[in-house]
Amino acid sequence: MVLDTAVNGRAEALVTFNQRDYSGVVGRFAVELLSPREALRRIRS
């Protein structure tokens, strides 16, 4: 449901600690997979 919402909502990225469950996201959908740490770094810069 989370991935479906991100794709249908045209999100640029999916931020999660659980990257293992979303490992196929990058190749199949136009959603980038980020850790919370990486997302915060991008927001701050």
Side-chain angles (χ1 to χ4, degrees):
M1 290 174 61
V2 174
L3 178 58
D4 187 41
T5 302
V7 172
N8 288 328
R10 297 184 181 139
E12 293 180 17
L14 180 61
V15 180
T16 181
F17 283 111
N18 190 6
Q19 293 191 0
R20 183 177 45 171
D21 284 350
Y22 298 100
S23 62
V25 169
V26 176
R28 299 179 90 190
F29 302 100
V31 176
E32 190 174 6
L33 186 61
L34 300 175
S35 69
R37 179 177 288 171
E38 181 63 29
L40 287 174
R41 283 184 190 151
R42 290 186 183 193
I43 291 170
R44 291 178 180 158
S45 63

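Just so it is clear, the values below take in all heavy atoms, side chains as well, and ignore hydrogens, waters and symmetry mates.
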Please report the closest heavy-atom contact between [X] and [Y], naming both atoms and the distance.
{"X": "N18", "Y": "T16", "value": "N-OG1, 2.9 Å"}
{"X": "L34", "Y": "A13", "value": "CD1-CB, 3.7 Å"}
{"X": "V31", "Y": "L14", "value": "CG1-N, 3.6 Å"}

Only residue of V7, V2, N8 satisfying side-chain contact (heavy atoms from CB on, under 4.5 Å) with D4 is N8
### Query
Does one hydrophobic cluster hold both F29 and Y22, with members joined at side-chain heavy-atom distances below 4.5 Å?
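Shared cluster, yes.
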**Message:** Regarding R42 and E12, does a basic nitrogen lie under 4.0 Å from an acidic carboxylate oxygen?
**Reply:** no
